[in-house]
Amino acid sequence: MASIPPDDDAAAAAAAGAAENGYGNGNGNGNGPAPRPPPAKRPRSVISAAQIRAEFEHHEAGVARVNNGSFGCCPSSLLDAQARWQRLFIAQPDDFYFHALQPGLRRSRAAVAGLVNAGDVAEVSLVDNATTAAAIVLQHAAWSFAEGRFSRGDAVLMLHYAYGAVKKSIHAYVARAGATVVEVPLPFPVASADAIIAEFRAALDVAKAGGRKVRLAVIDHITSMPSVVIPVKELVAICREEGVDKVFIDAAHSIGQVPVDVRDIGADFYTSNLHKWFFCPPAVAFLHTRKDDPIASQLHHPVVSHEYGNGLPMESGWIGTRDYSAQLVVPESIDFVNRFEGGIEGIRSRNHEKVIEMGKMLAEAWGTFLGTPPELCGSMVMVGLPGCLGVESDDDAMRMRTMLRKDFMVEVPIYYNSRRVEAQEMAKDKNGDAVTGYVRISHQVYNVTEDYEKLRDAVNKLVADGFTSSKLRPSQKIFSSIIDLMQVYAGNDGLMNIAANQHSVGRYVVADYLDVDRRDSQRCGVI
């Protein structure tokens with residue numbers, strides 16, 4: 001029979017909950033306090049710098065990877081633990097399905113419950129990512145409109161800087177069902193938490209105008225782009241005071257960056273990814289719902305499978321045949337962070353201090369500034385780029401990011417500041433140029449100072465060379481010139497004949513060469 005890797009003690013701990021959580025008499029929503037996560041079985045000395053390098057030696061050599069925020073990272077020891085689960089499934093799938101999967105998932109749910117101070121393991125469901133969690137919450141809101149519990153025109157409130165996929169989900173689910181969507185226009189750069197709170201209150205007044213009911217507020221704990229730590233506890237309290245029905249905290253980046261106590265925060269729904277800042281392999285996240293809320297029994301996974309109706313933890317624990325291994329290694333991720341001095345709290349503190357230090361170093365070198373004060377940063381910070389680089393659109397930002405990756409081996413997101421609160425002046429650099437572009441740098445345990453120096457030097461070289469983002473923009477003139485050159489070359493050498501009916505092939509060659517979408521070549525007039 002399959003046993004839960006990596007040790008018998010962990011298997012025994014999981015088996016204790018198997019009867020109520022597996023394919024026996026229960027559905028995984030047993031009562032009682034959340035079990036504490038299993039401790040590390042082999043106490044070790046504090047991890048050394050050499051051991052950290054070894055854990056992440058699979059990272060591509062030579063790349064300054066200062067973008068942990070997008071995809072996270074996974075140490076070799078966690079990849080090994082994941083592989084043991086994968087082999088267990090492949091070796092005997094039926095035994096794994098009936099005897100190992102659900103106890104293993106409960107073990108991970110218990111670990112998460114302990115991490116976030118949940119009241120019960122039944123309050124925690126494991127899903128692929130925060131976007132899936134958002135779909136679960138928003139799907140229920142859409143059903144509430146469709147079934148008449150909400151009235152057409154009732155409001156849903158979200159931050160302007162909400163994650164793009166979540167914003168689209170809000171429109172796909174609730175706006176389509178009849179909701180009025182109201183955005184909170186947050187300032188950036190931002191000076192204080194008070195500025196965020198003031199804008200939130202003003203937007204909430206708009207949402208409630210004319211007696212409209214606010215059915216749901218979707219609030220980020222840490223916005224993605226630009227990255228800002230939001231005072232979620234204060235905003236949840238405001239929502240309670242103002243009669244907002246439900247509050248959903250999209251905290252995709254929170255676990256591992258900032259302290260999380262779901263009972264203290266007090267939201268109705270809280271989700272965070274475990275593969276971004278808590279070292280799990282992709283993809284795994286959790287969704288917390290309060291057990292005393294009747295809505296918990298009304299939430300369903302968007303993928304309907306055999307466990308439909310048995311509670312969200314069980315529905316999420318089986319959505320068909322797939323690889324569940326990332327969800328099964330959460331206890332091993334706790335073992336990993338406990339190898340560091342101070343555990344996850346120590347990692348958070350050191351990452352925060354280092355990312356602020358590196359951000360200030362870059363800002364000084366470029367004559368710019370940080371986009372937020374340190375108290376509104378976790379392990380990510382926004383740093384203004386020199387205004388002379390001329391970032392004037394999201395496309396400019398993406399093309400510059402691609403260039404830094406390909407030409408300088410630096411991986412960093414770039415943000416175009418396209419929108420600011422009314423009357424907020426555009427911030428300027430030391431030369432008086434408006435700062436419209438920002439890099440979002442991350443710091444994780446594998447990063448070294450040289451990573452940030454490589455980014456600093458790359459940007460300094462671009463400035464010294466007189467580079468502007470406009471030089472990367474496709475244009476009709478560029479496309480036409482290259483097509484003409486290709487035709488001349490073909491005619492002179494007889495190697496190709498770009499006839500009229502072959503012109504589209506030439507267009508796509510040009511588009512691929514310039515690293516732009518093939519549709520851009522059509523918009524730019526290449527026939």
Side-chain angles (χ1 to χ4, degrees), residues 4-14 16-17 33-59 68 72-85 103-118 121 124 126 251 253-262 272-282 284-286 288 325-355 378-379 442-448:
I4 297 175
D7 54 63
D8 293 337
D9 290 342
R36 301 303 297 173
K41 302 303 177 184
R42 292 172 294 278
R44 307 178 188 179
S45 58
V46 172
I47 191 170
S48 67
Q51 289 172 324
I52 293 173
R53 289 193 297 272
E55 286 280 9
F56 297 99
E57 63 183 356
H58 50 277
H59 286 187
N68 191 81
C73 62
C74 187
S76 294
S77 54
L78 263 293
L79 294 174
D80 291 342
Q82 181 185 30
R84 289 194 292 272
W85 279 106
L105 291 175
R106 189 180 193 279
R107 174 173 170 255
S108 287
R109 289 168 49 218
V112 171
L115 281 172
V116 303
N117 194 29
V121 68
V124 175
L126 297 178
H253 286 273
S254 67
I255 289 289
Q257 273 208 73
V258 294
V260 175
D261 184 326
V262 292
S272 186
N273 292 316
L274 292 158
H275 56 258
K276 282 187 181 287
W277 293 94
F278 208 76
F279 302 103
C280 285
V284 56
F286 73 88
H288 174 264
S325 59
Q327 299 181 7
L328 292 164
V329 296
V330 179
E332 284 70 34
S333 72
I334 294 175
D335 287 350
F336 178 75
V337 300
N338 285 337
R339 294 172 63 189
F340 291 79
E341 184 177 357
I344 192 59
E345 293 83 3
I347 292 173
R348 279 200 313 255
S349 176
R350 288 185 293 273
N351 280 342
H352 172 75
E353 292 173 1
K354 199 65 179 180
V355 82
S379 303
S442 301
H443 192 280
Q444 188 50 287
V445 297
Y446 57 81
N447 283 121
V448 293

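Phe340 and Phe336 have perpendicular rings, their planes meeting at more than 60° on a 0 to 90° scale where under 30° would count as parallel. Between Phe279 and Phe56, the ring planes lie tilted relative to each other; the angle falls in the 30° to 60° range.
Side-chain polar atoms of Glu57 and Ser76 form no donor-acceptor pair below 3.5 angstrom. With 3.5 Å as the limit, one finds no donor-acceptor pair spanning the side chains of Ser108 and Gln327. The closest side-chain donor-acceptor pair between Ser379 and Ser442, if any, does not fall under 3.5 angstrom.
Between Ser254 and Val260, the closest heavy-atom pair is OG-CG2, 3.7 Å. Across all their heavy atoms, Gln82 and Pro282 have their closest contact at NE2-O, 4.4 Å. Between Arg109 and Leu126 the shortest heavy-atom distance is CG-CG, 3.7 Å. Minimum interatomic distance between Ala326 and Pro281 (heavy atoms only, all atoms of both residues): CB-O, 3.4 Å. Nearest heavy-atom pair, Ala111 versus Val330, reported as atom, atom and distance to 0.1 Å: CB-CG1, 4.0 Å.
Checking side-chain atoms of Gln51 against main-chain N and O of Ser48 turns up a donor-acceptor pair under 3.5 Å. Looking at His58, its side chain does come within 3.5 Å of a backbone N or O of Cys74 through a donor-acceptor pair. Under a 3.5 Å cut-off, the side chain of Arg339 and the backbone N or O of Ile47 do not form any donor-acceptor pair. A side-chain donor-acceptor contact under 3.5 Å links Asn447 to the backbone of Gln444. Between the side chain of His275 and the main chain of Val284, a donor-acceptor pair closer than 3.5 Å is present. Here the side chain of Arg348 pairs no donor or acceptor atom with the backbone of Gly256 at under 3.5 angstrom.
Here Leu78 contributes atom CG and Glu55 contributes atom CD; the two are 8.0 Å apart, rounded to the nearest 0.5 Å. How far OG of Ser325 is from CZ of Arg84: 11.5 Å, rounded to the nearest 0.5 Å. Distance check, rounded to the nearest 0.5 Å: NZ of Lys354 to NE2 of His443 gives 6.0 Å. Distance check: Ile347 CD1 to Gln257 CD gives 12.5 Å after rounding to the nearest 0.5 Å.
You'll find the side chain of Leu115 reaches within 4.5 Å of the side chain of Ile334, heavy atoms only. Contact annotation: the side chain of Val116 approaches that of Phe286 to within less than 4.5 Å [non-hydrogen atoms, C-beta and beyond]. In this structure the side chain of His253 never reaches within 4.5 angstrom of the side chain of Asn273, judged on heavy atoms.
Under the side-chain contact (heavy atoms from CB on, under 4.5 Å) test applied with Trp277, the options Ile255, Asn68, Val258 reduce to a single match, Asn68.
Few gaps surround CD on Glu345; more than 12 heavy atoms of other groups in view lie less than 6.0 Å from it.
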